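Whatever order the structure lists ligands and atoms in, that order sets their numbers, starting from 1. Just so you know, these numbers come straight off a predicted model, no measurement behind them.
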Amino acid sequence: MSEFIIDTKNLNFSYNKTHQDIENMEINVPKGSIYGFLGPNGAGKSTTIRLILGLLKKHSGTVALFGQKYDEKTRTDILSKVGALIENPSLYEHLNAVDNLRIAANYRQDISPARIDEVLEIVNLAGARKKKVKEYSLGMKQRLGLAISLLSNPELIILDEPTNGLDPKGIIEMRALIIDLNKKLGTTIFISSHLLSEIERTCTHVGIIRNGKMVYQDTVAALKESKGKNIVIDIEVDNFIEAMRVLENLKKENASLLDNFLQIEVENKEEITKVIDALRAQKINIYQVSIKNNLEDLFLSLTEN
Ligand SMILES: Nc1ncnc2c1ncn2[C@@H]1O[C@H](COP(=O)(O)OP(=O)(O)O)[C@@H](O)[C@H]1O
Ligand SMILES: [Mg+2]
């Protein structure tokens with residue numbers, strides 16, 4: 001039996017004969033993880049999610065959830081343990097949150113009225129429970145959608161780009177909510193995004209896809225490790241000729257000049273202070289120091305054609 005909550009093998013799918021949209025997709029989502037499914041727009045994230053949920057018919061390969069392959073007969077049973085939020089949740093705009101949840105509860109089995117209050121509490125909408133959904137912000141609608149998917153107390157939650165279109169406050173709230181669900185209830189979470197920064201902050205595991213193929217799958221810690229240990233920093237100075245000389249004295253021969261910014265590699269944070277001290281000792285003005293996110297470069301190199 002598989003130790004993975006989602007386990008796909010050789011998953012293949014195409015919308016039409018001219019193009020293979022999903023190719024030999026192998027996804028391994030460990031129990032209790034927050035798994036980030038990362039890829040540029042059009043890479044095949046939504047399509048893969050539909051295949052996992054059986055909303056599209058795969059051409060070949062297997063999908064196992066909770067260690068069980070499912071078929072037409074067992075699908076409903078297995079999917080009752082999965083909460084999914086894909087695209088915009090279908091909500092009744094003229095009704096309030098409680099009524100939306102009541103209607104959704106009717107489609108599911110054995111949902112107690114108390115559970116409706118519980119899920120509203122979890123997604124921080126208890127205070128807005130009687131407000132009509134048409135008066136909700138997009139972030140609130142998204143959280144109500146999540147509340148609906150939580151009704152049956154799922155062991156696995158699948159979210160397709162849940163922060164798309166949200167404002168910064170909405171993004172932070174959604175991110176905190178996801179981490180909370182995972183920590184407090186141990187819920188396994190599968191979340192797709194086209195933004196590395198989103199996955200880097202929230203997830204324990206990552207799968208990066210490109211053109212329908214998995215190109216990297218591991219823990220987020222391993223991904224960070226693989227970018228190399230050195231830190232690349234950009235420094236804006238007033239006198240870069242003098243600054244280059246200072247850096248040469250510091251044995252920073254790999255310094256380069258890029259659009260008025262000096263770019264150098266250092267081995268650790270302490271070295272950043274040393275470089276700044278040496279520049280200031282020569283009265284060189286420093287206007288800006290920033291650490292370059294080379295994880296972003298790695299992501300681009302993995303996903304660009
Ligand atoms: N309903 C559809 N019919 C035909 N092609 C589609 C359909 N939906 C998506 N595609 C194509 O499948 C590929 C993957 O799309 P999608 O899964 O939506 O990517 P993502 O969610 O990563 O942005 C793209 O090339 C897209 O154009
Ligand atoms: Mg999509």
Undergrad: Without hydrogens or angle criteria, can the side chains of Gln20 and Asn12 be said to hold a donor-acceptor pair below 3.5 Å?
TA: yes

Undergrad: Nearest protein heavy-atom contact for atom 23 (O) of ligand 1: which residue, which atom, what distance?
TA: Gly42 N, 2.7 Å

Undergrad: Is any side-chain N of the basic residue among Asp277 and Lys274 closer than 4.0 Å to the acidic one's carboxylate O?
TA: no

Undergrad: Which atoms of ligand 1 have any heavy atom of Asn41 under 4.0 Å away?
TA: 23 (O)

Undergrad: Under a 4.0 Å N-O cut-off, is there an ion pair linking Lys69 with Asp71?
TA: no

Undergrad: Check the orientation of Tyr15 and Phe13. Use parallel for under 30°, tilted for 30 to 60°, and perpendicular for over 60°.
TA: perpendicular

Undergrad: Below 4.0 angstrom, N of the basic side chain to O of the carboxylate: do Asp117 and Arg129 qualify?
TA: yes

Undergrad: Hey, is ligand 1 close enough to Lys45 that some N/O pair sits below 3.5 Å?
TA: yes

Undergrad: Is the ring pair Tyr35/Phe190 parallel, tilted or perpendicular, if the boundaries are 30 and 60 degrees?
TA: parallel

Undergrad: Which option out of Leu38, Thr47, Ile22 puts a heavy atom nearest to atom 17 (O) of ligand 1?
TA: Thr47

Undergrad: Give a yes/no answer: is there an N/O/S atom of Ser46 under 2.8 Å from the Mg ion (ligand 2)?
TA: yes

Undergrad: How close does the nearest protein non-hydrogen atom get to atom 19 (O) of ligand 1, and which residue and atom is it?
TA: Gly44 N, 3.1 Å

Undergrad: Starting from atom 3 (N) of ligand 1, find the nearest protein heavy-atom neighbour and note its residue, name and distance.
TA: Tyr15 CD2, 3.5 Å

Undergrad: Looking at Gly32, is its backbone amide N or carbonyl O close enough to the side chain of Asn182 to form a donor-acceptor pair, meaning the two atoms are under 3.5 Å apart?
TA: yes

Undergrad: Could you tell me the residue and atom name of the protein heavy atom closest to atom 18 (O) of ligand 1, and the distance to it rounded to 0.1 Å?
TA: Ser46 CB, 3.9 Å

Undergrad: Does Gly39 have a heavy atom less than 4.0 Å from any atom of ligand 1?
TA: no

Undergrad: Are any non-hydrogen protein atoms located under 4.0 Å from atom 26 (C) of ligand 1?
TA: no

